[in-house]
Amino acid sequence: MAKDDMVDADLPSRDAAKEFYAKYEPKEALGRGISSIVRRCIEKETGEEFAVKIIDISGEKSDIYEADLTKKDTIREINILRMCKGHDNIIELHDSFETPTFIFLVFELCKQGELFDYLTQVVTLSEKRTRIIMKQLIEAVEFIHSKNIVHRDLKPENILLDDNLNVKVSDFGFATVLSPDEELTELCGTPGYLAPEVLAVSMYDNVPGYRMEVDMWACGVIMYTLLCGAPPFWHRKQMQMLRMIMQANYAFGSPEWDDVSQTAKDLISNLLIVNPKERLSAKQALASPFFKRELKPTKQFFAKRTFKASVICVRFFHRLKFFYYNPPPIPVETIKLNPYGVKNFRKLIDGCTFKMYGHWVKKGDNQNRAALFEHVQREDWRNQISFDNS
Ligand code: ADP
Ligand code: MG
């Protein structure tokens with residue numbers, strides 16, 4: 001197929017969307033959903049790039065009832081996007097068009113794509129990068145919640161990154177506005193990120209519905225995944241996975257979590273709490289020590305003392321640098337016993353695994369990045385590995 005045909009495949013005809021084509025030139029696909037496709041597009045007048053989400057409401061690919069539902073949901077999505085306008089970490093809706101067969105939502109373009117793909121590339125994030133991303137994400141959630149909106153589908157696929165890797169929360173397809181005492185009962189979201197109260201209300205009678213706290217649970221799942229590369233709740237059998245979620249049955253396993261700070265683990269633990277009333281709110285999470293940098297102001301300035309302290313500091317960092325660049329050798333025995341327990345080896349092993357199988361960590365099917373971490377140390381294999389000690 002010629003390149004231009006590929007660009008045009010799946011596009012609404014020019015007649016069906018004259019208004020859109022008059023202003024924009026559609027380009028290649030960036031992502032696909034059940035009844036939508038997202039493409040890069042160019043605004044003709046300014047030459048600026050955007051992303052357009054084209055939603056099919058014709059009923060050709062689904063039945064009329066479903067198409068009508070999609071249309072209603074999209075109108076709700078547009079209203080919510082407008083309510084959320086103006087926050088740096090929420091995707092901006094630039095323009096929208098409606099025809100009898102398609103709805104076009106024109107968004108700012110996030111060139112770095114999904115946090116999901118970024119994580120697959122790098123396997124895990126440093127605490128520093130996680131702090132930046134989580135702060136921006138939770139700030140966006142705080143803003144959304146202040147408008148009584150609950151997102152309900154926070155996950156790395158719906159967190160986009162701009163040129164400077166800044167977070168842009170997107171996909172408000174499941175978002176809804178809550179009235180003061182309203183409790184939701186609908187089962188929606190993505191399995192690994194669902195909060196226990198969402199599962200409970202869909203499984204049992206006489207249990208309360210859920211509210212905004214579900215987004216904070218998802219933030220806990222995301223933060224855990226960013227820091228260790230694998231999600232906290234995953235099992236090949238979905239029922240088992242749901243059971244793990246209902247009991248908040250997860251662990252900070254060794255060696256992956258050995259080098260992660262206690263403040264990071266505490267924040268995750270305070271988000272992954274089964275009782276939504278005890279779970280941290282966005283505001284409380286932002287005040288957690290993980291986001292704090294303690295800079296204590298000095299009361300008085302003593303020139304001599306400050307000079308001495310500076311000299312000690314410089315010497316200390318000089319030594320530290322020496323050890324950093326010349327780390328003590330790791331005994332071969334330690335490596336032989338458990339190479340995965342040694343941080344640098346672990347990074348190498350995980351990096352190679354994701355290079356080979358990263359493409360397979362896809363969305364929408366039963367594969368999950370967690371499967372790439374499902375390794376057990378096998379006695380028979382370990383004994384076969386021979387190391388050259390020379
Ligand atoms: P769906 O409801 O089908 O999940 P999304 O709004 O999440 O639709 O978009 C689907 C995918 O399209 C995203 O996961 C992302 O890969 C891509 N995408 C969406 N919006 C943008 C954007 N503004 N910039 C770049 N890519 C985007
Ligand atoms: Mg999505």
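Atoms within each ligand, like the ligands themselves, are counted from 1 in listed order. The figures that follow rest on heavy atoms only: side chains count, while hydrogens, waters and symmetry mates do not. Residue numbers start at 1 and run along the sequence shown.
Where the criterion is an N or O separation shorter than 3.5 Å, residue side chain and backbone included, Ser170 fails it with respect to ligand 1. Not a single N or O atom of Arg32, backbone or side chain, sits closer than 3.5 Å to an N or O atom of ligand 1. Residue Cys110 places at least one N or O, backbone or side chain, under 3.5 Å from an N or O of ligand 1.
When non-hydrogen atoms are compared, ligand 1 lies under 4.0 Å from the backbone of Glu157 (N, CA, C, O) but not from its side chain.
Salt-bridge formation is not detected for the pair Glu213/Lys277: no Lys NZ or Arg NE/NH1/NH2 atom is positioned less than 4.0 Å from an Asp or Glu carboxylate oxygen. Salt-bridge check for Glu92 with Lys85: passed, with a basic side-chain N closer than 4.0 Å to an acidic carboxylate O. Using a cutoff of 4.0 Å between basic side-chain nitrogens and carboxylate oxygens, Asp350 and Arg346 are not scored as salt-bridged. Salt-bridge annotation for Arg279 and Glu197: present, with a side-chain N of the basic residue lying under 4.0 Å from a carboxylate O of the acidic one. By the 4.0 Å N-to-carboxylate-O rule, Glu108 lies close enough to Lys168 to be salt-bridged with it.
Here Asp171 contributes OD2 and Asn158 contributes OD1, and at the Mg ion (ligand 2) these two atoms make an angle of 90°, given to 10°.
Taking the ring centroids of Phe174 and Phe172, they lie at or beyond the 6.0 Å cut-off. Proximity of the aromatic rings of Phe233 and Trp217 is defined here by a centroid distance below 6.0 angstrom, and this criterion is met. For His94 and Phe107, the gap between ring centers reaches or exceeds 6.0 Å.
In the vicinity of Glu114, heavy-atom distances shorter than 4.0 Å reach the ligand 1 atoms 13 (C), 14 (O), 15 (C), 16 (O). Those atoms of ligand 1 with a heavy atom of Ile91 less than 4.0 angstrom away are 23 (N). Heavy-atom proximity to Asn158, at under 4.0 Å, picks out these atoms of ligand 1: 7 (O). Here is the list of ligand 1 atoms found below 4.0 Å of a heavy atom in Ser36: 3 (O).
Judged by the shortest distance from any of its heavy atoms, Gly173 lies outside the 4.0 Å radius around the atoms of ligand 1.
In the candidate list His94, Glu108, Glu92, Arg39, Glu108 is nearest to atom 23 (N) of ligand 1, counting heavy atoms. Nearest residue to atom 21 (C) of ligand 1 from Ile159, Asp73, Val106, Leu160 is Leu160 (criterion: closest heavy atom). In this structure, of Val38, Asp171, Ile55, Leu30, the residue bringing a heavy atom nearest to atom 10 (C) of ligand 1 is Val38.
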